[in-house]
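Excluded from the calculations below are hydrogen atoms, water molecules and symmetry mates; all remaining heavy atoms, backbone and side chain alike, are included. This is a predicted model, so every value here is computed, not measured. Chain A is the first sequence line, chain B the second, and so forth, proteins listed ahead of strands; every chain is numbered from 1.
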Number of protein chains: 2
Amino acid sequence: VKNLALLLAAAVVLSAPAYAQSAAKLTEAVRNADLGWEKVFSARNLDASVDYIAKDGAMLPPNAPIATGQDEVRKFISDLFALKNLNVSWQPDTVEVANSGDLAFTAGTYQMAWDDAQDNSHTDRGKYVTVWKKQADDSWKVLRDIFNSDLPVKP
Amino acid sequence: VKNLALLLAAAVVLSAPAYAQSAAKLTEAVRNADLGWEKVFSARNLDASVDYIAKDGAMLPPNAPIATGQDEVRKFISDLFALKNLNVSWQPDTVEVANSGDLAFTAGTYQMAWDDAQDNSHTDRGKYVTVWKKQADDSWKVLRDIFNSDLPVKP
């Protein structure tokens, strides 16, 4: 019994730094998922962008209905990528992962520019929250992505 | 050693239903937090509404900058509650909690109606994602709340 108690005590003491290291690694993995999605999205790579969406994932764009599942998300991203001279990018400023390492969110800011059918240039900037879920293959995929503009509604 | 192995096996078998029950309880607690916030928010109770925001929490409203921390959130909610004949409500349709029970999100739909200074009536409806964090006192508070309209931008 005494040996067992010592073993348990040692396990607790030894697991603390391992746990902290694991938490930092998890945060890094989720930040890399956000940055990886931004890379393919800003490059307007449709297949790779859709591939970041979980099977039961959704995108929630402003002034449009929710796009649920990879098919509806593909339609939304495809329409977005069809905008003339589209330039879109984002930067995460917050990454938080659950202690269990199965659920996480990132948040940050985005910028967008595009031309309309009349060749008028438009710009937008705003903020986003993305909920991430760790998949069976240890990759992180998007469960919910929602964003909105910082700018007042234009007349 | 044989007794220890049996004990460990028993612990694993017995903990499975306890874990499932605990997960269901966690989901219920987060759903109740969402419903509780909606109750005081729809009743336009400013203090109680702000009290649901975590110390490092934020609200991310459309067409406005992010409101970070309880002071900025209080200003945002206070301005919202000042709208004439404001009627706001929401319903969660998704509740997901991390296995560790420290981080969760809810998502759903909202409805809003109000009158402007010229007594014109306005309505809006849309969707939201709220990220929840369990506090030291076991209550769930809002880390991020973001929403946007389903309706096209009005001219």
Chain A heavy atoms under 4.5 Å from [X]: which part of the residue, side chain, backbone, both or neither?
X: B/Thr94; result: side chain
X: B/Ala58; result: neither
X: B/Ala107; result: side chain
X: B/Leu60; result: both
X: B/Val129; result: both

With a 4.5 Å cut-off on side-chain heavy-atom distances among I, L, V, M, F, W and Y, is there a chain of contacts connecting [X] to [Y]?
X: B/Trp90; Y: B/Ile53; answer: yes
X: A/Phe105; Y: A/Trp140; answer: no
X: B/Leu26; Y: B/Leu143; answer: no
X: B/Leu46; Y: B/Leu83; answer: yes

Check whether more than 12 heavy atoms from other residues, nucleotides or ligands sit under 6.0 Å from atom [atom1] of [X], and answer yes or no.
X: A/Lys55; atom1: NZ; answer: no
X: A/Asp93; atom1: CG; answer: yes
X: A/Asp71; atom1: CG; answer: no

Heavy-atom closest pair, residues A/Asn148 and B/Ile146: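 Taking A/Asn148 first and B/Ile146 second, the nearest heavy atoms are ND2-CG1, 3.5 Å.
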
Distance (rounded to the nearest 0.5 Å) between [X] [atom1] and [Y] [atom2]:
X: B/Thr68; Y: A/Lys127; atom1: OG1; atom2: NZ; value: 10.0 Å
X: A/Asp102; Y: B/Ser100; atom1: CG; atom2: OG; value: 6.0 Å
X: A/Arg144; Y: B/Thr106; atom1: CZ; atom2: OG1; value: 10.5 Å
X: B/Asp150; Y: A/Ile66; atom1: CG; atom2: CD1; value: 8.5 Å

